[in-house]
Every structure is written in C-alpha cells, then in structure tokens.
Amino acid sequence: MSLKHLSSLDATFLHLESSEMPMHVGALHVLDLPEGYKGDFFEDAKAFLQSRLHLADVFTRKLGLMPFDLADPVWVEDEDLDIDYHVRSISLPRPGSNRQLQQYVARLHSSLLDRSRPLWEFFVIDGLRSGQVAFYSKVHHAGVDGQAGVALARALFDLEPEGRPIRPARSKPRRGEYQLGIAEMLSASAGNAFKQAVNIYKSAPGLMKGMKSLLTPKMDEDGKRNWGLPKDMRLLAPKTPLNVAITNQRAFAARTVPLAEVKMIGKTLGVSLNDVVMGSVAGALRNYFKANDELPTKSLLAAVPVSLRAADDATANNQVSMMRMTLATDIADPLTRLQAIHAASDISKGQMEKVKGVMPTDFPMLAAPWLISGLASLFGRSRLANVLPPVVNVAISNVPGIQAQLYFAGAKVVSYYPDRKSTRLNSSHT
C-alpha cells in the first residue's frame, strides 16, 4: 500500500480537532437547474462526481494513524470508497426558505468527518422554495488550504453546461491491504522525521536571514528607530463576548455582495479588495458591539491567512501562514478606518514578504501529536478561553476563486458561500 506523509502543518489541523472545534472547511453553492430539466439531479450529480474522483487525491485517500500517536499520520489510498456514504441527498421541509437552508448547513457543519474514510462529504439539497438546488461540500483542512481548494474546485466544476471530456481513471491492481503494519509505519515515520530535520537544517540560513531583516530597525529622518510594524499592533487583543469557550453547535449566515461593487470601492478609494473586505467586517463588528454597549476602546485584531504557495503550485496540502491585522474599530469614521486598515495591511505584507519564502510548513514532531491533542482537549474542557485574553478577536480569510461562470453537473452556479472552520482557541471566525 502506497503512503504519503502529511506535513506537520497538515497534521496540526487533525491534532487540534475536537467535537467542539471541527477542523473542516465547507462551501455552499446554489444552482439553477437547466431549463426544462426533468431528471433526478441527485443521481446525475452522484454519477458526475463518480467520474471525477480520480482528478483530486483528496477524494481517494484516507488516514493511516501511527501507533500511540507517536508521529503524524500518513495518507493511504482507499480501495473501497463508498460513494453512497460520501454523496448524500437532503430534501428541505416546506416552505424551503433560504433561512432553512442555512440552518441545515450549520447543522451539517457541526459534525466531525469520519477519520476511517476519506475526509470529505458532499450533500445535494433540494426542496428550495426558489426551485433551485443547493450543493454543500465539506472537506477536512488537513487535506486542503484555500488555494488547494481552488484547485479542487477545478476538478468539480466546468466552464460550460455540457461539461468537458474527462479521461477515465486508470485501473489499479487491488492489494487487499486494509491496514499498514506497525513496523512499516514506524520505519516510515522515522525516515520522514529525519528528512524533515534535514530540510529544516537546509532552510535555516534563509530563515535566519529573513528574521534578521525583520529585527533590524531602520532610522527615520529624525534619527528614531523604525521597526516597520503597524502602529496599532499589540501582543494581545481586547476581550469581547465573542472570545469565549464554545460548544459544537454552529450558526451559518450568508450575504450576497456583487464582486464588481467591492472592486469599484477599492479602486475608487485606492485600497485593495482585501482591505475592503476587512473594512466591511470591521464596520459590522463595531456596529454590533456599539449597539450592545460592548465596544472595546482598543481596536479589535484579526488573524488573516497568507498563502506561502508558488504561483503554479496546486498540491492538495496546506501552505499557509497567518498575520495579525488591526481592524481599526476604535475609529468612528468608516473611510478613515479603511485607510488605517490599508496602511497597516501594507506594512504587514511587507514584513511577511521578507520571510514567507523560507517559512517551514513541515518539521519534526515525533511523539508530539498525542501531546498537542491532549492540550487542545484540556484547553477546551477547562474553558480557559473564558479567562485568558485573546491573541486575536476574529479570523478573516479571502481566497480568490475561479474568475468565470461555473457549472456543476450541468447546473449553473449562481451563488457561492464559503463556510469556514470555527475555532474556540480564543478567536471567532468570519
């Protein structure tokens, strides 16, 4: 049985997962059926997916766990994929409102993926009052990050309603091996740990050079040291009612905003699309807390994912880091607030560019998985999030999608709503 090691970053999403803190990502698509369609869309969609499973490794691989969690798990091929388990049909009760759809998606998102199977589930949802059909996808973060998710979407969606020709999967001999041997697993783990250590050693000079550039201040015109950090950046974020221990229950709400409108705002004000997204979230949070007399005097801080990928890298794994950003929620004027976010964003991006090319995503973690999982469980059960100050208040992610009209099994995609993982580690995710 062939195996492939998870990177340490990939595996961390498994080690930190608990029933209260699922680590999968999801997406809700609303579809228009072809005009005059009279078929069974669920069966058509299942057959459509069945023909494409070989286009992305995430569909056909599952976890091989190390004995006693001594090391990170590996990916192994699943020779007995049950398509009827992974692709399911749901019918909403009448009246089939948009609110009912969102409530059902929240319920689907709250349950963990079965780790004995490939880590994905798809749901075709009918019964919508609009006559449309919804498609909800759920994939574990251990297998994909935002950019890898875009590559996954390329396997699932087409640019034309009639689809594109797909070359059938190559037939592979069945090995009939359900589990790897302990000796084989441990040997592979030791070899991978050695390889990780060598790679860290090789990348150390570049990483040290990048860190040195971060820690070396520049001199301003008045002779003062400038460390190149955003002005409103602190070690800890202010405490808010959002930053507390949570249960496994989820709420999901979506809002449609024309992309052209967001781009126009950014172009008019001389800021990026990402700045407009963060400014919108900042304004919503400020209004919410102010209406409840809970607005902190200091600005809220956000965690913003940053891709470490090369432009042509579509590998199904995680290559991402995180930077902390001010949301300038202490500024009342929305335009001034947006400009403050833009200025801080430029500085943070400049700092990240110095080190992103050498930041490791794979490092030795021998015997660490059981410890990380235990600490994550202890943190949740002790409800320390109710006491400790947060590092960030909210996470905001914005991943560029495919810039074209998409079709799924012949149906037109009219809306796309990302449904990200929710965390309780002293942050709330938007």
Side-chain angles (χ1 to χ4, degrees), residues 24-60 81 83-84 86-92 96 98 101-102 104-105 108-109 118 120-139 143-169 252 254-263 273 314 316 398-420:
H24 48 256
V25 294
L28 174 65
H29 302 80
V30 179
L31 315 173
D32 278 346
L33 293 175
E35 187 175 353
Y37 180 81
K38 299 297 183 182
D40 185 330
F41 186 73
F42 170 68
E43 292 298 334
D44 289 346
K46 186 167 65 171
F48 173 85
L49 290 166
Q50 178 93 58
S51 69
R52 295 173 177 236
L53 296 182
H54 61 288
L55 299 181
D57 291 342
V58 68
F59 291 134
T60 56
L81 180 69
I83 189 70
D84 291 316
H86 289 278
V87 183
R88 306 176 204 171
S89 175
I90 294 172
S91 293
L92 294 179
N98 192 50
L101 173 63
Q102 294 179 4
Y104 212 108
V105 167
L108 293 173
H109 198 74
W120 61 276
E121 294 174 1
F122 290 163
F123 302 86
V124 177
I125 308 172
D126 60 24
L128 276 70
R129 180 167 51 194
S130 63
Q132 297 170 306
V133 174
F135 171 62
Y136 177 65
S137 62
K138 185 172 165 182
V139 183
V144 293
D145 62 7
Q147 290 296 332
V150 173
L152 179 62
R154 295 184 187 278
L156 292 176
F157 298 97
D158 295 307
L159 300 180
E160 301 293 339
E162 59 272 13
R164 64 188 191 274
I166 300 295
R167 182 177 298 177
F252 173 67
R255 175 70 184 270
T256 301
V257 178
L259 182 60
E261 181 178 311
V262 180
K263 289 182 176 179
L273 186 147
N398 177 36
V399 179
I402 300 173
Q403 303 297 308
Q405 176 61 58
L406 297 179
Y407 296 85
F408 174 78
K412 182 180 180 180
V413 179
V414 293
S415 298
Y416 162 63
Y417 306 105
D419 182 9
R420 305 294 291 178

Q. Of all residues at least two apart in sequence or in a different chain, which pass the side chain to side chain donor-acceptor pair (under 3.5 Å) check with Gln102?
A. none
Heavy atoms, side chains only, cut-off 4.5 Å: are [X] and [Y] in contact?
X: Val133; Y: Val124; answer: yes
X: Phe123; Y: Phe135; answer: no
X: Leu92; Y: Leu101; answer: yes
X: Ile83; Y: Phe122; answer: no
X: Pro118; Y: Leu81; answer: yes
X: Leu33; Y: Gln132; answer: no
X: Leu152; Y: Phe59; answer: yes
X: Val414; Y: Leu31; answer: no

Q | Listed partners of Asp158 passing salt bridge (charged side-chain N to carboxylate O under 4.0 Å, His left out), at least two apart | A | Arg52, Arg164
(Q) For the backbone of Lys138 and the side chain of Trp120, can you confirm whether one donor and one acceptor N or O come within less than 3.5 Å of each other? (A) no
Q. Is there a donor-acceptor pair under 3.5 Å between the side chain of Gln405 and the backbone N or O of Val413?
A. yes
Throw together a table of side-chain donor-acceptor distances under 3.5 angstrom for residues 41-51, partners on residues two or more places apart or in other chains.
unit_1	atom_1	unit_2	atom_2	d
Asp44	OD2	Tyr37	OH	2.4
Lys46	NZ	Asp84	OD1	2.6
Ser51	OG	Phe48	O	2.7

Q. Could you go step by step and tell me if Tyr417 and Val30 meet the side-chain contact (heavy atoms from CB on, under 4.5 Å) rule?
A. CA-CA 9 Å; Tyr417 306 105; Val30 179; 4.1 Å; yes
Q | Ring center gap for His29 and Phe157 short of 6.0 angstrom | A | yes
Any chance you could measure [X], atom [atom1], to [Y], atom [atom2], to the nearest 0.5 Å?
X: His24; Y: Glu121; atom1: NE2; atom2: CD; value: 8.5 Å
X: Arg88; Y: Ile125; atom1: CZ; atom2: CD1; value: 12.0 Å
X: Leu159; Y: Tyr407; atom1: CG; atom2: OH; value: 9.5 Å
X: Ser415; Y: Asn98; atom1: OG; atom2: CG; value: 8.5 Å

For [X] against [Y], the heavy-atom pair lying closest together:
X: Ala411; Y: Pro34; result: CA-CD, 4.3 Å
X: Lys263; Y: Leu273; result: CG-CD1, 3.7 Å
X: Tyr416; Y: Ala27; result: CE1-CB, 3.4 Å

